[in-house]
Amino acid sequence: MIGLFGGTFDPIHNGHLHGALTAAGVLRCQVRMVLSARPPHRPPPVASVDHRWTMLKMACAAHPELLPDGREMHRPGGSYTVDTVEAMRSQWPGETLCWIIGTDAFNDIDTWCSWRRLLDLAHLLLLPRPGVVVVGSALEIHERRRRVGLTEAPAGGIQLLDEAMLPVSASGVRQRLATGSDVTDLLPACVNAYIMRHELYARRPLEA
Ligand code: ATP
C-alpha cells in the first residue's frame, strides 16, 4: 500500500500533518505528500510553488512516514489528480494506492476531472474535517463503495476514518498571519520560521 495525500499546502500546517500521520498509522504504510503545483479548480495559491515545496520538504523531514512528492511541479498545465495517480500506477504496477482526502474536498469529488477513473486506480481514505459531513452526490458515491475493503480490492473502495482531525485550515492560518496573530500552535516551528523569514503571508501596506 502507498498512501497519497495531495494538497496546495499554502502553507502546510499541523492539520495536514496530523491527518497524514493518522492515515499512515491506519494504512500501515508511508504517505507521499503530493504538492498540487497548479490546482485547476481554485484560485492560484498565495505563495509560489517553490516556497510551498520548500515548506513541504521541511515539514516532512521530521517524519519518516511522510515523503514529499513534487512530480506535479514538473508537469505542464493544471495539476489533475487523475494524471498523477495514473503515472504512479505505471510506476508501481503491483502496489495498492490510496488517495487520502478531507471530507471538504471529497464533497466536490464529482467535479474532479475523470473521478471515476481515479477510483479505478486507487482507494480513497476520507479524513473527517471538523464540522464537515459527507453530503449530496459524494454521500451516494461513499455509500456505494464503503463496503469495498481497502486491503481486499486493488482500488475503488472508500473508507471514512473515525479519528478526529484538527480544526486547522491553510486559509485560517493565512488570515491569522495577515493580521499578525500567533500561529505557533498551528504550524511546525520550522515552517513558521520560514514564513517569517520570507514574509510570505504578511499583510502588505497599500500602495499610494
Ligand atoms: P484552504 O483552507 O486554503 O482550503 P486546506 O487547509 O484545506 O486549505 P489544502 O492544501 O487545500 O489545505 O488541502 C489539502 C488536503 O488536506 C485536502 O484533502 C484537505 O481536505 C486536507 N486537509 C486540510 N486541512 C486538514 C485538517 N485540518 N485535517 C485533515 N485534513 C485536512
Side-chain angles (χ1 to χ4, degrees), residues 3-27 31-49 51-60 63 65-70 72-73 78-82 84-85 97-113 115 118-119 122-135 138 141-142 158-179 181 183 185-188 191-192 195 200-201:
L4 308 167
F5 189 117
T8 45
F9 304 128
D10 189 24
I12 181 142
H13 55 67
N14 289 343
H16 295 130
L17 294 171
H18 172 256
L21 290 168
T22 304
V26 168
L27 298 172
V31 172
R32 302 186 78 87
M33 304 294 282
V34 183
L35 181 70
S36 175
R38 286 168 290 279
H41 293 310
R42 53 188 292 167
V46 176
S48 70
V49 68
H51 279 314
R52 290 181 292 122
W53 176 235
T54 304
M55 290 188 282
L56 178 60
K57 283 191 294 185
M58 290 169 82
C60 291
H63 305 284
E65 308 93 313
L66 307 183
L67 301 171
D69 190 311
E72 291 185 358
M73 290 190 294
S79 305
Y80 289 98
T81 301
V82 69
T84 303
V85 177
L97 303 176
C98 183
W99 192 265
I100 301 154
I101 178 175
T103 42
D104 57 320
F106 178 66
N107 275 336
D108 295 330
I109 189 79
D110 64 345
T111 66
W112 287 27
C113 176
W115 65 269
L118 179 62
L119 281 166
H123 293 303
L124 295 186
L125 183 65
L126 309 184
L127 307 178
R129 296 280 300 263
V132 184
V133 292
V134 176
V135 290
I141 296 166
H142 177 229
I158 303 181
Q159 184 183 323
L160 176 62
L161 272 191
D162 280 337
E163 283 81 349
M165 294 293 117
L166 301 181
V168 186
S169 68
S171 42
V173 168
R174 293 195 300 273
Q175 249 169 33
R176 290 183 70 84
L177 286 164
T179 54
S181 304
V183 290
D185 290 344
L186 309 179
L187 302 172
V191 171
N192 198 359
I195 289 172
L200 287 191
Y201 304 100

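None of these values were measured; they are calculated from a predicted model. Every number for a ligand or one of its atoms is a count from 1 in the order of the listing.
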Please report which non-hydrogen protein atom sits nearest to [atom], along with the residue it belongs to and the distance in Å to one decimal place.
atom: atom 8 (O) of ligand 1; result: A170 CB, 3.3 Å
atom: atom 18 (O) of ligand 1; result: G102 N, 3.0 Å
atom: atom 2 (O) of ligand 1; result: S171 OG, 2.6 Å
atom: atom 22 (N) of ligand 1; result: R129 NH1, 3.3 Å
atom: atom 13 (O) of ligand 1; result: H16 NE2, 3.7 Å
atom: atom 20 (O) of ligand 1; result: D104 OD1, 2.6 Å

Candidate with minimal heavy-atom separation from atom 29 (C) of ligand 1, of M33, H13, M165: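 Comparing heavy atoms across M33, H13, M165, the nearest one to atom 29 (C) of ligand 1 lies in M165.
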Would a 4.5 Å heavy-atom cut-off, applied to side chains only, mark [X] and [Y] as touching?
X: R38; Y: E72; value: no
X: V132; Y: N107; value: yes
X: L177; Y: L200; value: no
X: L27; Y: I100; value: yes
X: L161; Y: P128; value: yes
X: H41; Y: D108; value: no
X: F106; Y: I158; value: yes

State the CG-CH2 distance between L126 and W99, to the nearest 0.5 angstrom.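 Here the rounded value is 13.5 Å.
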Which ligand 1 atoms are under 4.0 Å away from a heavy-atom of [X]?
X: G15; result: 26 (C), 27 (N), 28 (N), 29 (C)
X: I101; result: 18 (O)
X: L166; result: 26 (C), 27 (N)
X: L127; result: 29 (C), 30 (N)
X: G7; result: 10 (O), 14 (C)
X: R174; result: 3 (O)

Please confirm whether [X] approaches ligand 1 to less than 4.0 Å, judged on its heavy atoms.
X: R42; result: yes
X: G6; result: yes
X: F106; result: no

Looking only at N/O atoms, are F9 and ligand 1 under 3.5 Å apart anywhere?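 Yes; the residue has a nitrogen or oxygen that sits under 3.5 Å from a nitrogen or oxygen of the ligand.
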With heavy atoms only and a cut-off of under 4.0 Å, state how H18 meets ligand 1: side chain, backbone, both or neither.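 It is neither part, as no heavy atom is under 4.0 Å.
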Please work out whether any backbone atom (N, CA, C, O) or any side-chain heavy atom from C-beta onward of T8 is under 4.0 Å from ligand 1, and answer side chain, backbone, both or neither.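 Both the backbone and the side chain of T8 come within reach of ligand 1.
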Test of understanding: with salt bridge (Lys or Arg N to Asp or Glu O under 4.0 Å), list the residues that count as partners of D104, not counting sequence neighbours.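 Per chain and number, D104 pairs via salt bridge (Lys or Arg N to Asp or Glu O under 4.0 Å) with R129.
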For Q175, is the CD atom crowded, meaning more than 12 foreign heavy atoms sit under 6.0 Å from it?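 Atom CD in Q175 is not crowded, with 12 or fewer foreign heavy atoms closer than 6.0 Å.
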Please set out all donor-acceptor pairs under 3.5 angstrom arising from side-chain atoms of residues 3-12, sequence neighbours excluded.
| unit_1 | atom_1 | unit_2 | atom_2 | d |
| --- | --- | --- | --- | --- |
| D10 | OD1 | A47 | N | 3.1 |
| D10 | OD1 | Y201 | OH | 2.6 |
| D10 | OD2 | V46 | N | 2.6 |

Under 3.5 Å, side chain of H63 to main-chain N/O of E65, donor-acceptor pair present?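 Not confirmed, H63 side chain does not pair with E65 backbone.
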